[in-house]
Amino acid sequence: MPAKNDGATADYTEKIPNNVNLHEDRRLQRALESWQPNFLNWWQTMGPTLPTRDVYLRTAINVGRDGWAQFGHVAMPEYRWGIFLAERDPGRKVGFGEHKGEPVWDKVPGEYRAELQRLIVIQGDTEPASVEQQRNLGATAPSLYDLRNLFQVNVEEGRHLWAMVYLLHAYFGREGREEAEELLHRNSGSLDSPRILGAFNEETPDWLSFYMFTYFTDRDGKYQLGTLKESAFDPLSRTCEFMLKEEAHHMMVGTTGVDRVVQRTVEVMREHDTDDVAGLGAIPLPVIQKYLNFHYSVSLDLFGGETSTNVANYYTAGLKGRWLEDRRKDDHKLASDSIMVDALSEEGDIGLTEVSALVGLNTDLRREYISDCQGGVKRWNRILEEGGVRQRLKLPHIAFNRKVGAFAAIEATPDGEKLSADEWRRRQGEWLPADVDKTYVRSLMQPVHQRGKIAAWIAPPRNGINGQPFDYDYVHLA
Ligand SMILES: [Fe+2]
Ligand SMILES: [Fe+2]
């Protein structure tokens, strides 16, 4: 019999690597082992399309402080997807809501079963969706370094699916197992059974979209996981805590990806002393701005409406907290607090209205996200400034291009000026990627699969992966 797991080190002797002592629960182990071939089948049919022999990937081995990953060349279908929960804090107490101060839950309370299952399914649905959205990008990777990062993000999103499926199998019985099957049957962009959330049915057709997606949309994931990490349901909290560790790399890929695109554009602008770099092999700043506008606005929609009684109930019940709940200086119950949320006035003007703090929690989270996003724009503008270029990038107004919430009913410019529907139709190509922009960006997407080489529209990275140089053999193609 395998040694009792200390909860920190992953057991790789088993079919499904895990740190949850899976071998002690034969029923659960068998159920997950019978889901495993379905997952692998999904990976083969909906995962990356570029054939590879092996990829230099990190694999989680330990959830503790002393290092958690190991790097090596692996054949992707043999990647050891596993189940890893952050270490248990035996003294952990519920941090908010009506159960504040009570011990956290190791099991799902009957009265919250449906809500918790729903939260887990929605989170779980986004993970394989992004793999599906990105599946064809390998064919046009700008370098082997970028190709490796794409695949790293893909295998880890696959592992995040495992994380949610483990919870469904372990805690939600037959219904949970059925939901786990459904997570493999819905597909991004499918007409019959699309993914649950809008942004996860959009295409990721080129690498500029990929960097914007990993910057803006993976960052939404960071904030959602941050609220679930606060959950009174301890296994959910511990799962999300570990997922956040992996998520940090995905956002690094996005942040530095956009850095490098901007950097290259600045270089070409200076070299040729022109703003018009289309035709010179770089991506013009106005096109970068349009891609930013698109990905930011669809990601804002992921936070839901400005007000939500469901989310108020989740909070009061202890299912889902706020971003960095324990750093908030209030009573963590919010029963008598209020918040100003975005709203349309009776005349249809963009403004604010006061609601109870509980009902306005989506707005609270969206604002945390927005201020985080400003950090990226700041660093990209520093690259422009240091390059001696006068143009700047910016986040569009919160009412721009929204399909969810108060501003779904109106159209607005990136500066927040209201527009008629007609004018919007006529002018949206000034602010969102138009066909001509997409066609141009796609024309640049020629694969560079030789070691140490890079496409002309993007600067090389400052650092390689795990201390390796840029010209390391990160990927061996088949
Ligand atoms: Fe994820
Ligand atoms: Fe991610």
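Whatever order the structure lists ligands and atoms in, that order sets their numbers, starting from 1.
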Is the shortest distance from a Lys or Arg side-chain nitrogen in R195 or D125 to a carboxylate oxygen in the other one below 4.0 Å?
yes
Indicate every side-chain donor-acceptor pair of residues 455-467 with a distance under 3.5 Å to a residue at least two apart or in another chain.
{"residue": "W457", "atom": "NE1", "partner": "L444", "partner atom": "O", "Å": "3.4"}
{"residue": "N466", "atom": "ND2", "partner": "Y56", "partner atom": "OH", "Å": "2.9"}

R135: which residues meet the side chain to side chain donor-acceptor pair (under 3.5 Å) condition with it, sequence neighbours left out?
none
Qualifying side-chain hydrogen bond (donor to acceptor under 3.5 Å, both in side chains) pairs with a residue from residues 225-236, counting only residues at least two apart or across chains:
R92-D234
Restricting to under 2.8 Å, identify the protein N, O or S atoms around the Fe ion (ligand 2) as residue plus atom.
E157 OE2, D218 OD1, E247 OE2, H250 ND1
Criterion side chain to side chain contact (heavy atoms under 4.5 Å, CB included) against Q29, the qualifying member of K15, H23, H169
H23
State whether F400 and R402 meet the cation-pi test: NZ (Lys) or CZ (Arg) under 6.0 Å from the six-membered ring centroid, and within 45° of the perpendicular axis.
no
